Colleague: 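Handing you a structure now.
Here the structure is a predicted model, which is why all the values come from computation and not from measurement. All values below were derived from every heavy atom in this structure, side-chain atoms included, with hydrogens, water molecules and symmetry-related copies excluded.
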Amino acid sequence: MIRNAQIISSGMYVPERVVPNSYFNELLGEDVDTWLVENLAIKERRWCSENQSTAELCVEAARKILEDGKTSAEELDLIIIATDTPEYISPSTASVVQFRLNAVNAGTFDVNTACAGFVTALDIASKYIQADKKYNKILVIGAYAMSKYLNLQDKKTVTLFADGAAGVLLSSINNKDEGFIISRLHTEGQYCDWMGIYAGGTHKPITQKVIEEKDHLLKFVKKFPKEINPLTWTKMIKDACDELNIHPVNIDKYFFTQLNINSIWETLDNLGVDRSKGHTIMQNFGYTGSACIPMAFDDACKKGLVQKGDMVLFIGSGGGLAFALSIFKL
């Protein structure tokens, strides 16, 4: 029998605090709202409270995913958390989530490919299920609490990034015609030092000097070529579709990294795909990194915009630069 992985439920959680663009107009003393809406479509976002952290976001999202999938935490065989804002440097955020959920039978680990993390973790989880009959239910969550790492005076970062967690429950099926179809991972490592949080690890441990220079916070070091996402996404999607002997128009719904709406539209235009197939949520949630793709997917599911039998494509990109793609038939 051929084992495969199928998405059987989804869920998301965002903090209660809503931060509108007007907040940054006052904070920075200039009109940033107009640029954010016209160029990125972002109108507002959610930020954690002082006492909230990544693990809490994950646990709340996990409960919604499990409820949606009518599954108990004890049924989970594995929990994978994709994040680059972990609860701790060590141990893994996934171990914290496992404990709080009482998922006593689940193994755990974290994945960090920045904002490509959720799709990377989806790829890993699908192959665990395909390869090993001990894994039948795997929880995959993308989580982001980047507000904790923002310099409130840095206009390039503070207006974009937001917090949230979302994910899916994968279940084993014995049907090669449903579920996971194909995946691709790609990295342009020459951009590894262009954007990131460069202190806190072994390269630059936290010291008073690091804090004073704000090296422990998120930084754009260099400006990325604006064409890098549309060009890379277009090529990866075309290559995957060619391998499947289908056309990009055969994909029912596309879920992209939710940062720049113009990059999404440009990619769909390149592919000859109607823009209505690209579901977006950055308007109300800002940029939530590794959480944004599963957030968009859950939003589409709850609104009835995806149906059983649909073919959906997830494609993410993030610091590194790391890219990840996967296609599922629901």
Side-chain angles (χ1 to χ4, degrees), residues 1-14 53-83 86-87 91-111 117-144 164-181 183 255 290-291 293-302 306-310 312 314 326-330:
M1 298 178 71
I2 297 175
R3 289 173 57 86
N4 201 9
Q6 177 62 291
I7 296 171
I8 63 168
S9 69
S10 64
M12 64 176 279
Y13 174 79
V14 292
S53 57
T54 297
E56 180 179 336
L57 304 181
C58 290
V59 169
E60 294 301 320
R63 288 175 175 152
K64 294 187 176 186
I65 297 164
L66 294 173
E67 180 181 1
D68 188 50
K70 298 178 174 57
T71 300
S72 68
E74 291 82 2
E75 294 177 77
L76 295 175
D77 301 304
L78 182 64
I79 298 171
I80 307 175
I81 304 295
T83 188
E87 189 78 356
S92 73
T93 303
S95 65
V96 181
V97 174
Q98 187 253 23
F99 172 69
R100 294 186 186 178
L101 289 176
N102 196 33
V104 293
N105 297 306
T108 62
F109 60 86
D110 289 358
V111 171
F118 171 76
V119 187
T120 304
L122 200 55
D123 179 24
I124 296 168
S126 298
K127 288 168 180 172
Y128 259 87
I129 288 174
Q130 287 181 329
D132 192 331
K133 64 182 180 181
K134 292 191 297 294
Y135 296 93
N136 292 295
K137 292 197 183 301
I138 301 180
L139 181 65
V140 182
I141 294 177
Y144 214 53
V168 299
L169 179 61
L170 291 180
S171 180
S172 62
I173 58 172
N174 294 311
N175 187 344
K176 64 174 181 162
D177 298 320
E178 292 183 10
F180 176 76
I181 298 175
S183 65
F255 298 96
S290 48
I293 290 174
M295 284 173 64
F297 177 70
D298 182 62
D299 185 68
C301 289
K302 299 302 188 285
V306 291
Q307 307 292 334
K308 180 70 174 175
D310 281 356
V312 297
F314 306 97
S326 64
I327 299 176
F328 278 75
K329 186 173 182 181
L330 300 179

Colleague: Does Ser9 reach the main-chain N or O of Ile65 with its side chain, forming a donor-acceptor pair under 3.5 Å?
Modeller: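 Indeed, once roles are kept as given, a pair shorter than 3.5 Å links the two residues.
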Colleague: Test of understanding: with side-chain contact (heavy atoms from CB on, under 4.5 Å), list the residues that count as partners of Lys176, not counting sequence neighbours.
Modeller: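 Result, side-chain contact (heavy atoms from CB on, under 4.5 Å) vs Lys176: Ile2.
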Colleague: Report the residues that fulfil side-chain contact (heavy atoms from CB on, under 4.5 Å) with Ala296, sequence neighbours left out, ordered by chain and then residue number.
Modeller: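 With sequence neighbours excluded, Ala296 shows a side-chain contact (heavy atoms from CB on, under 4.5 Å) to Phe255, Gln258, His279, Ile281, given in chain and number order.
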Colleague: Who are the side chain to side chain donor-acceptor pair (under 3.5 Å) partners of Thr108, not counting sequence neighbours?
Modeller: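 Applying side chain to side chain donor-acceptor pair (under 3.5 Å) to Thr108 gives none.
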Colleague: Using the rule side-chain contact (heavy atoms from CB on, under 4.5 Å), only one of Leu66, Asn105, Ile138 pairs with Leu76; which is it?
Modeller: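 For Leu76, the side-chain contact (heavy atoms from CB on, under 4.5 Å) check succeeds only for Leu66.
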Colleague: My understanding is that only residues two or more places apart in sequence, or in another chain, count here; which of them pass side-chain contact (heavy atoms from CB on, under 4.5 Å) with Glu178?
Modeller: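 Expected list: Gln6, Ile173, Asn175, Lys308.
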Colleague: Taking only residues two or more places apart in sequence, or in another chain, which ones meet Thr83 in a side chain to side chain donor-acceptor pair (under 3.5 Å)?
Modeller: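 Side chain to side chain donor-acceptor pair (under 3.5 Å) check on Thr83 returns Thr85.
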Colleague: Checking Lys134 now: which residues fulfil salt bridge (Lys or Arg N to Asp or Glu O under 4.0 Å) with it, not counting sequence neighbours?
Modeller: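 Counting only residues at least two positions away or on another chain, Lys134 forms a salt bridge (Lys or Arg N to Asp or Glu O under 4.0 Å) with Asp132.
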Colleague: Can you name the residues that form a side-chain contact (heavy atoms from CB on, under 4.5 Å) with Ser53, not counting sequence neighbours?
Modeller: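 Counting only residues at least two positions away or on another chain, Ser53 forms a side-chain contact (heavy atoms from CB on, under 4.5 Å) with Glu87.
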Colleague: Taking side chain to side chain donor-acceptor pair (under 3.5 Å) as the definition, give me every residue that meets it alongside Thr120, ordered by chain and number, with sequence neighbours left out.
Modeller: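 By the side chain to side chain donor-acceptor pair (under 3.5 Å) rule, Thr120 matches Thr113.
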Colleague: Once you round to the nearest 0.5 Å, how far does CD1 of Ile8 lie from CG of Leu170?
Modeller: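 Those atoms lie 8.5 Å apart.
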Colleague: With sequence neighbours left out, what residues match Thr71 under side chain to side chain donor-acceptor pair (under 3.5 Å)?
Modeller: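 Thr71 satisfies side chain to side chain donor-acceptor pair (under 3.5 Å) with no other residue.
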Colleague: Report the residues that fulfil salt bridge (Lys or Arg N to Asp or Glu O under 4.0 Å) with Glu60, sequence neighbours left out, ordered by chain and then residue number.
Modeller: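 Here the qualifying residues are Arg63.
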Colleague: Residues in salt bridge (Lys or Arg N to Asp or Glu O under 4.0 Å) with Asp77, at least two apart?
Modeller: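 Result, salt bridge (Lys or Arg N to Asp or Glu O under 4.0 Å) vs Asp77: none returned.
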Colleague: Return the set of residues passing salt bridge (Lys or Arg N to Asp or Glu O under 4.0 Å) with Asp110 (not counting sequence neighbours), or none when no residue passes.
Modeller: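 With neighbours one apart ignored, the set is empty.
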